[in-house]
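Input: a single structure, listed below in structure tokens.
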Amino acid sequence: MRPSGLAVVTLSAVLIGVSLWPVNDVQVFSAQRQESGPYTLALPHGVLEPIIPEDNPLTEGKVALGRTLYFDKRLSLDDTVSCATCHNPKFGFADGKKVAEGIQQKKGVRNSPTTLNTAFLDAQFWDGRAPTLEEQAKGPLVNPVEMGMPSHDALVTKLRTIPTYRRGFQEVFGTAELTIDQLAKAIAAFERTLNTFNSPFDRFIAGDKTALSPSAQRGWELFQGKARCITCHEFNASYPFFTDNKFHNIGVAMKDVNFEALARKAAIETDVAGLAHESGAAELGRYLVTKQPRDIGAFKTPGLRNIALTAPYMHDGSEASLKSMIEFYDKGGVPNPNLDGGIRPLGLSEQEREDLIELLKALTSDDLPSLVKELERRGDR
Ligand code: HEC
Ligand code: HEC
């Protein structure tokens with residue numbers, strides 16, 4: 001690498017010489033582009049690259065801009081809520097709450113999932129209604145109980161008055177516009193860097209048989225066998241995220257809701273995001289997107305990395321702990337006409353339930369503390 005480093009030094013010396021001549025805008029812009037070169041994701045050997053939209057390549061500059069936006073409360077109506085309020089590095093990039101709390105302590109109806117490793121998901125949200133991180137990022141900004149901006153236009157107008165953003169967007173996107181699509185692209189680019197591996201479980205899979213306690217090792221056997229977890233929380237070396245990216249009804253939503261009436265109403269409603277935030281209708285899950293009766297009460301299989309950090313669990317935050325999670329599965333979920341065939345009583349002993357919990361605890365990345373520290377060091381709010 002040394003020789004090419006020297007070459008760069010020589011080249012920039014030449015450029016300094018050249019810059020004595022008048023420079024036009026195009027030259028200045030391309031120099032900035034060089035400063036903010038491509039951002040390379042550091043993935044463990046064998047893990048497949050996440051799909052990155054062609055019109056939103058990762059660059060250092062864009063990731064940095066997205067990071068600033070992610071932590072900036074000025075993206076909300078009253079400057080009190082940022083993406084990080086609900087996807088907080090200190091809570092495993094979730095919020096530790098049953099359901100999300102946005103501006104003026106307004107409560108939503110669903111639990112905040114982690115933003116870690118979301119680059120690898122086929123679809124975003126519990127019902128998968130957003131196909132990309134770009135699309136997803138536009139939702140909370142204008143959700144009345146999340147960040148509460150009256151419109152994307154209002155947000156863009158607000159950000160254009162902030163000189164550092166005017167400059168930052170210009171540098172990254174090369175135009176003076178500052179649009180909502182650019183904002184979504186920058187945030188999505190930052191999120192794509194929030195990937196964590198290096199858990200005790202990963203080291204065990206890589207061959208270090210001492211990385212897991214005997215109890216967690218028994219838990220892994222149960223996970224793949226008697227407890228049947230792996231049928232939905234899929235795991236393999238190229239896609240090690242513990243999800244099949246599919247939607248299942250495991251009974252969580254089956255409370256005192258009149259599903260028939262709700263489904264009839266939702267069948268003709270096109271505002272999916274609106275319904276997803278409406279108490280009652282939100283429980284229809286994947287049905288809101290597909291309008292297929294078999295999807296009533298089905299939700300996306302969540303990944304399980306860092307799961308010990310993000311209680312409470314489930315789309316509605318109804319399970320307080322890993323212990324209650326395992327009890328939920330042990331008794332066979334909540335019976336209902338749409339219950340997924342993979343869910344049935346498991347007959348686990350107390351020791352077996354304990355072993356599964358030990359496994360889930362071993363999915364926490366050892367790299368997280370340094371990631372959190374790094375974000376703090378940069379002074380993100
Ligand atoms: C008030 C809390 C709140 C705020 C603020 C918020 N989110 Fe979320 N986020 C949620 C909730 C709740 C969900 C799940 C909603 C659903 O499924 O309908 C979610 C879902 C997501 C997902 C999907 C993850 C998955 O596994 O499907 C991503 C990614 C995400 N948010 C990123 C962001 C970004 C980026 C911002 C800022 C622009 C943001 N969120 C602001 C609460 C919040
Ligand atoms: C039939 C598919 C299926 C099987 C089998 C299954 N899960 Fe799940 N799991 C899901 C779905 C779907 C959700 C989300 C449900 C909801 O919120 O309505 C979920 C949620 C979870 C969550 C909460 C995640 C979060 O972020 O809130 C944990 C933990 C979990 N499962 C662990 C397990 C374990 C351990 C097993 C085996 C005992 C298991 N699952 C078996 C599909 C499955």
Side-chain angles (χ1 to χ4, degrees), residues 66 69-70 72-73 75-76 81-87 92-95 97 99-103 106-119 121 123-130 133 136-141 143 145-148 183-184 187-188 190-191 194 219 222-223 226-233 242-244 246-254 272-273 276-277 282-283 285-286 288 297-304 306-308 310-319 322 325-326 328-330 333 339-344 346 348 353 356-357 359-360 363:
L69 289 163
Y70 183 95
D72 193 342
K73 295 181 173 162
L75 269 60
S76 67
V81 172
S82 70
C83 306
T85 304
C86 303
H87 306 286
F93 291 75
D95 57 11
K97 296 185 174 131
V99 291
E101 273 177 40
I103 54 164
K106 288 184 186 158
K107 280 198 167 86
V109 294
R110 288 188 182 165
N111 177 261
S112 308
T114 181
T115 42
L116 289 172
N117 302 313
T118 45
L121 299 176
Q124 307 295 329
F125 288 124
W126 285 102
D127 48 24
R129 66 184 181 277
L133 286 171
Q136 190 288 324
K138 293 182 200 165
L141 302 164
N143 186 311
V145 297
E146 291 183 339
M147 299 167 87
L183 176 136
I187 293 180
F190 169 61
E191 288 177 301
L194 299 176
L222 289 161
F223 192 93
K226 182 176 175 184
R228 314 161 57 90
C229 317
I230 204 158
T231 55
C232 301
H233 298 281
F242 302 94
T243 172
D244 56 2
K246 295 197 178 103
F247 303 83
H248 304 272
N249 173 324
I250 64 171
V252 181
M254 297 298 135
V272 175
H277 288 95
E283 300 300 303
R286 184 64 177 164
L288 295 175
F299 289 85
K300 187 174 72 187
T301 308
L304 298 178
N306 309 299
I307 193 70
T310 57
Y313 303 107
M314 302 298 201
H315 74 271
D316 56 359
S318 55
E319 297 299 335
L322 289 176
M325 278 295 316
I326 301 297
F328 174 93
Y329 281 115
D330 192 28
L339 186 68
D340 192 284
I343 298 292
R344 61 187 70 159
L346 299 171
L348 300 171
R353 292 202 292 268
L356 278 167
I357 293 171
L359 170 72
L360 294 174
L363 303 182

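As the structure lists them, so they are numbered: ligands from 1, and atoms in each ligand from 1. Just so you know, these numbers use all the heavy atoms, side chains as well, and skip hydrogens, waters and symmetry mates. Numbers for residues simply follow the sequence, beginning at 1.
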Side chain or backbone, does R129 bring an N or O within less than 3.5 Å of an N or O on ligand 1? yes

With heavy atoms of S82 as the reference, note each atom of ligand 1 found under 4.0 Å away. 5 (C)

Close-contact set for ligand 1 against L133 heavy atoms, below 4.0 Å: 29 (C)

In plain terms, say whether D330 and R353 are close enough for a salt bridge, that is, a side-chain N and a carboxylate O under 4.0 Å apart. yes

Less than 4.5 Å apart, side chain to side chain, heavy atoms only: is that true for N111 and W126? yes

Hey, does F125 come in under 3.5 Å of ligand 1, counting only N/O atoms on both sides? yes

Give the numbers and elements of all ligand 1 atoms closer than 4.0 Å to a heavy atom of I187. 35 (C)

Under 4.0 Å from any heavy atom of G102, which atoms of ligand 1 are there? 1 (C)

Judging by distance only, is a nitrogen or oxygen of R110 under 3.5 angstrom from one on ligand 1? yes

Could you tell me, atom by atom, which parts of ligand 1 come under 4.0 Å of a heavy atom of N111? 12 (C), 14 (C)

Closest approach of F223 and L356, non-hydrogen atoms and distance? N-CD2, 3.9 Å

Here the pair of heavy atoms bringing G317 nearest to P312 is O-CB, 3.6 Å

Under a 4.0 angstrom heavy-atom cut-off, which atoms of ligand 1 come close to V81? 5 (C)

Test item, T85 contacting ligand 1 (heavy atom, 4.0 angstrom): no

Quick check on contacts: which atoms of ligand 1 are under 4.0 angstrom from a heavy atom of A137? 38 (C)

So which protein heavy atom does atom 14 (C) of ligand 2 come closest to, and at what separation? P302 CD, 3.6 Å

Is there a side-chain hydrogen bond (donor to acceptor under 3.5 Å, both in side chains) between S82 and D72 once you walk through the steps? CA-CA 5 Å; S82 70; D72 193 342; over 6 Å; no

Would you say D316 and V252 make side-chain contact, with heavy atoms under 4.5 Å? yes

With atom 19 (C) of ligand 2 as the reference point, say which of Y329, F328, F247 has the nearest heavy atom. Y329

Check each of M147, E191, H315, E101 against atom 29 (C) of ligand 1 and report the one with the nearest heavy atom. E191

Going by heavy atoms in the side chains, are T301 and H248 under 4.5 Å from each other? yes

Would you find more than 12 non-hydrogen atoms of other residues, nucleotides or ligands less than 6.0 Å from K107 atom NZ? no

To atom 1 (C) of ligand 1, the nearest of A130, P113, A100, C86 on a heavy-atom basis is C86

Assess T301: does it contribute an N, O or S atom lying under 2.8 Å from atom 8 (Fe) of ligand 2? no

Heteroatom distance test (T114, ligand 1): nitrogen or oxygen, under 3.5 angstrom: no

Do M325 and M314 have side chains that get closer than 4.5 Å, going by heavy atoms? yes

Can you check whether K300 has an N/O within less than 3.5 Å of an N/O in ligand 1? yes

Ligand 1 contact on H87 by region, counting heavy-atom pairs under 4.0 Å: side chain

Taking non-hydrogen atoms only, is D316 closer than 4.0 angstrom to ligand 2 via side chain, backbone, both or neither? neither

Within a distance under 4.0 Å of any heavy atom of R228, pick out the atoms of ligand 2 and give their elements. 5 (C)

At what distance is the nearest protein heavy atom to atom 38 (C) of ligand 1, and which residue and atom is it? C83 SG, 2.6 Å

Step-by-step side chain to side chain contact (heavy atoms under 4.5 Å, CB included) determination, L322 to Y313: CA-CA 8 Å; L322 289 176; Y313 303 107; 3.5 Å; yes

May I ask you to decide if E146's main-chain N or O and K106's side chain share a donor-acceptor pair within less than 3.5 Å? no

Find all atoms of ligand 2 within a distance of less than 4.0 Å from any non-hydrogen atom belonging to F299, and give their numbers and elements. 12 (C), 16 (C), 18 (O)

Give the residue, atom name and distance (to 0.1 Å) of the protein heavy atom nearest atom 17 (O) of ligand 1. W126 N, 2.9 Å

Taking the side chain as every heavy atom from C-beta outward, state whether F299 and R110 have any pair of such atoms under 4.5 Å apart. yes

Can you tell which part of D330 has a heavy atom less than 4.0 Å from ligand 2: side chain, backbone, both or neither? neither

Going by heavy atoms, is I326 under 4.0 Å from ligand 2? yes

What part of P140, side chain from CB on, backbone N/CA/C/O, both or neither, has a heavy atom under 4.0 Å from ligand 1? side chain

Short list, please: which atoms of ligand 1 are under 4.0 Å from a heavy atom of Q124? 23 (C), 24 (C), 25 (C), 27 (O), 29 (C)

Evaluating non-hydrogen atoms only, which member of A298, G219, C229 is closest to atom 35 (C) of ligand 2? C229

Would you mind reporting whether L194 and T118 have side-chain heavy atoms less than 4.5 Å apart? no

Measuring from the heavy atoms of G108, does anything fall under 4.0 Å of ligand 1? no

Specify whether an N/O/S atom of H233 falls short of 2.8 Å from atom 8 (Fe) of ligand 2. yes

So, are K246 and D244 salt-bridged, with charged N and O less than 4.0 Å apart? no

L116 to T114 - nearest heavy-atom pair and separation: N-OG1, 3.0 Å

Examine S112 against ligand 1 and note whether any of their N/O atoms are separated by less than 3.5 Å. no

Closest to atom 43 (C) of ligand 2 (heavy atoms only, candidates C232, G342, G333, A227) is C232

H233 and P302, any side-chain heavy atoms less than 4.5 Å apart: yes

Under 4.5 Å between any side-chain heavy atoms of I187 and L75, yes or no? yes

Shortest heavy-atom approach to atom 27 (O) of ligand 2 - which of K246, M314, M325: M314

Measure T310 to ligand 2 on non-hydrogen atoms and call it side chain, backbone, both or neither using the 4.0 Å cut-off. neither

Set out, in order, the CA-CA distance, both residues' side-chain angles and the distance that settles side chain to side chain contact (heavy atoms under 4.5 Å, CB included) for Q124 and L133, then state yes or no. CA-CA 7 Å; Q124 307 295 329; L133 286 171; 3.5 Å; yes

Looking at C86 and E101, what are the two nearest heavy atoms and their distance? SG-O, 3.9 Å

Please state which protein non-hydrogen atom is closest to atom 26 (O) of ligand 2 and give its distance, to 0.1 Å? I307 CD1, 3.6 Å

Steps toward side chain to side chain contact (heavy atoms under 4.5 Å, CB included) verdict (Y70, H87): CA-CA 9 Å; Y70 183 95; H87 306 286; 2.9 Å; yes

Kindly compute the distance separating CG (L141) from CG (L183), expressed to the nearest 0.5 Å. 6.0 Å

Please could you name the atoms of ligand 2 that T231 approaches to less than 4.0 Å, counting only its heavy atoms? 5 (C)

min-distance protein heavy atom vs atom 32 (C) of ligand 1 -> Q136 OE1, 3.1 Å

